[in-house]
Amino acid sequence: AYTSFVPACSASFDLLSYYTTMVKLFAISVLYKGPESARLLKAAYDLQQFGFFQRGSVQEFMTFTSKIITERCNPCSRQSVKEQEYMCHVYVRADNLAGVVISDHEYQYRVAHNMINKVLDDFAAKVPAHLWPSTEESAIPYSELPATLTRWQNPREADALTRVQEEVEETKIILHNTIEAVLERGEKLDDLVNKSEMLSLQSKTFYKTARKTNSCCSFG
């Protein structure tokens with residue numbers, strides 16, 4: 001059976017419900033949380049389970065969702081946002097360096113947040129902080145994320161990796177059932193999508209079409 005992919009946002013990712021089968025990890029991103037918005041510094045994706053012609057929109061919505069969640073997460077806090085079988089895990093450090101992991105619901109919160117810890121520590125050690133606020137993704141000298149994403153796909157290996165470092169206390173992770181719980185009062189996802197400059201017209205059209213489709217159809 002096909003399942004939907006909505007890392008933290010059913011309105012944007014339920015539209016992909018019939019294009020993917022379950023995997024453990026879909027994406028990992030490193031961002032900088034600026035005063036006005038979050039900047040993507042580096043990211044890696046596993047899009048093999050999606051249809052070829054949908055992958056561009058899938059990746060755009062992953063980045064879009066990661067930025068939304070990061071911008072609404074306070075420094076020194078952790079959140080895991082649930083939407084059906086999928087999760088978007090985010091941690092913003094005191095220095096505003098942030099990590100986001102998009103996974104399925106079966107991937108343990110603790111393991112995901114320990115993964116974020118490891119990635120951010122490594123990134124901060126290799127990429128000077130003065131580059132974070134304004135450097136474009138292509139100019140960031142960091143190439144480890146694809147290998148990290150692959151290595152942590154195996155839950156057993158990932159769990160073993162977390163045992164050699166300080167583990168995140170699960171009680172410190174704030175859980176949300178939907179992205180709507182994260183949005184600020186008065187904000188609507190449809191409006192954020194329409195106003196987004198990072199989403200292509202194709203992705204916005206795909207989003208609207210799939211929302212209409214999902215309003216009357218159920219894919220299982």
Side-chain angles (χ1 to χ4, degrees), residues 7-9 12-13 25-47 56-81 87-103 112-149 152 165-166 168 172-174 176 179 181-189 191-201 203-204:
C9 167
S12 60
F13 284 100
L25 294 176
F26 297 99
I28 179 169
S29 305
V30 177
L31 305 94
Y32 177 75
K33 179 180 168 67
E36 302 297 330
S37 63
R39 170 181 288 273
L40 180 67
L41 299 179
K42 278 295 178 181
Y45 307 91
D46 181 350
L47 306 181
S57 293
V58 170
Q59 183 168 320
E60 284 188 5
F61 275 111
M62 287 182 183
T63 305
F64 172 72
T65 303
S66 296
K67 291 186 66 176
I68 287 177
I69 300 298
T70 299
E71 290 166 358
R72 289 152 183 81
C73 184
N74 293 325
C76 302
S77 66
R78 301 179 182 275
Q79 297 186 27
S80 288
V81 184
M87 301 295 303
C88 185
H89 310 278
V90 58
Y91 171 49
V92 180
R93 304 195 328 177
D95 57 7
N96 288 317
L97 190 65
V100 177
V101 167
I102 297 173
S103 71
H113 280 276
N114 277 321
M115 176 186 181
I116 293 174
N117 278 0
K118 182 176 177 63
V119 167
L120 294 184
D121 286 347
D122 188 57
F123 185 93
K126 296 177 179 178
V127 181
H130 72 269
L131 296 179
W132 303 350
S134 58
T135 307
E136 295 296 325
E137 180 183 1
S138 59
I140 294 291
Y142 191 77
S143 59
E144 281 80 355
L145 288 186
T148 299
L149 186 64
W152 287 69
Q165 57 183 306
E166 183 179 356
V168 173
K172 294 183 178 180
I173 302 173
I174 301 172
H176 297 288
I179 194 172
V182 179
L183 298 181
E184 297 175 1
R185 180 173 297 182
E187 284 187 318
K188 295 183 179 180
L189 187 61
D191 294 338
L192 294 177
V193 170
N194 290 332
K195 294 177 182 178
S196 174
E197 296 181 357
M198 64 166 291
L199 292 175
S200 65
L201 178 60
S203 292
K204 292 180 180 180

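Since the structure is predicted, the reported quantities are computational estimates derived from the model, not experimental observations. FYI, side chains are in, hydrogens and waters are out, and symmetry mates aren't considered; it's all heavy atoms of this structure.
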Sub-4.5 Å side-chain heavy-atom contact between [X] and [Y]:
X: Leu41; Y: Phe123; answer: yes
X: Met62; Y: Val100; answer: no
X: Ser29; Y: Thr70; answer: no

What pair of heavy atoms forms the shortest contact from [X] to [Y], and how long is it?
X: Pro141; Y: Leu131; answer: CD-CD1, 4.2 Å
X: Asn117; Y: Arg78; answer: OD1-NH2, 2.7 Å
X: Val92; Y: Asn74; answer: CB-O, 3.8 Å
X: Ser77; Y: Cys73; answer: OG-SG, 3.2 Å
X: Glu137; Y: Ala43; answer: OE2-N, 3.6 Å
X: Cys88; Y: Ile69; answer: SG-CG1, 4.0 Å

[atom1]/[X] to [atom2]/[Y] distance, rounded to the nearest 0.5 angstrom?
X: Cys76; Y: Tyr91; atom1: SG; atom2: OH; value: 6.0 Å
X: Leu47; Y: Phe26; atom1: CG; atom2: CZ; value: 9.5 Å
X: Ile102; Y: Asp46; atom1: CD1; atom2: CG; value: 11.5 Å
X: Leu145; Y: Ile140; atom1: CG; atom2: CD1; value: 11.0 Å
X: Leu149; Y: Leu25; atom1: CG; atom2: CG; value: 5.5 Å
X: Lys33; Y: Lys67; atom1: NZ; atom2: NZ; value: 12.0 Å

Keeping the roles fixed (side chain from [X], backbone from [Y]), state whether a donor-acceptor pair exists under 3.5 Å.
X: Glu71; Y: Ser37; value: no
X: Trp132; Y: Gly34; value: no
X: Lys42; Y: Val30; value: no

### Task
Using a strict 4.0 Å threshold on nitrogen-to-oxygen distance, state whether Glu136 and Arg39 make a salt bridge.
yes
### Query
Can you say whether the rings of His89 and His113 are parallel (under 30°), tilted (30 to 60°) or perpendicular (over 60°)?
perpendicular
### Task
Decide yes or no on side-chain contact (heavy atoms from CB on, under 4.5 Å) for Ser66 and Val90, but give the supporting numbers first.
CA-CA 8 Å; Ser66 296; Val90 58; over 6 Å; no
#### Entry: Steps toward side-chain contact (heavy atoms from CB on, under 4.5 Å) verdict (Lys126, Glu144)
CA-CA 10 Å; Lys126 296 177 179 178; Glu144 281 80 355; 3.1 Å; yes
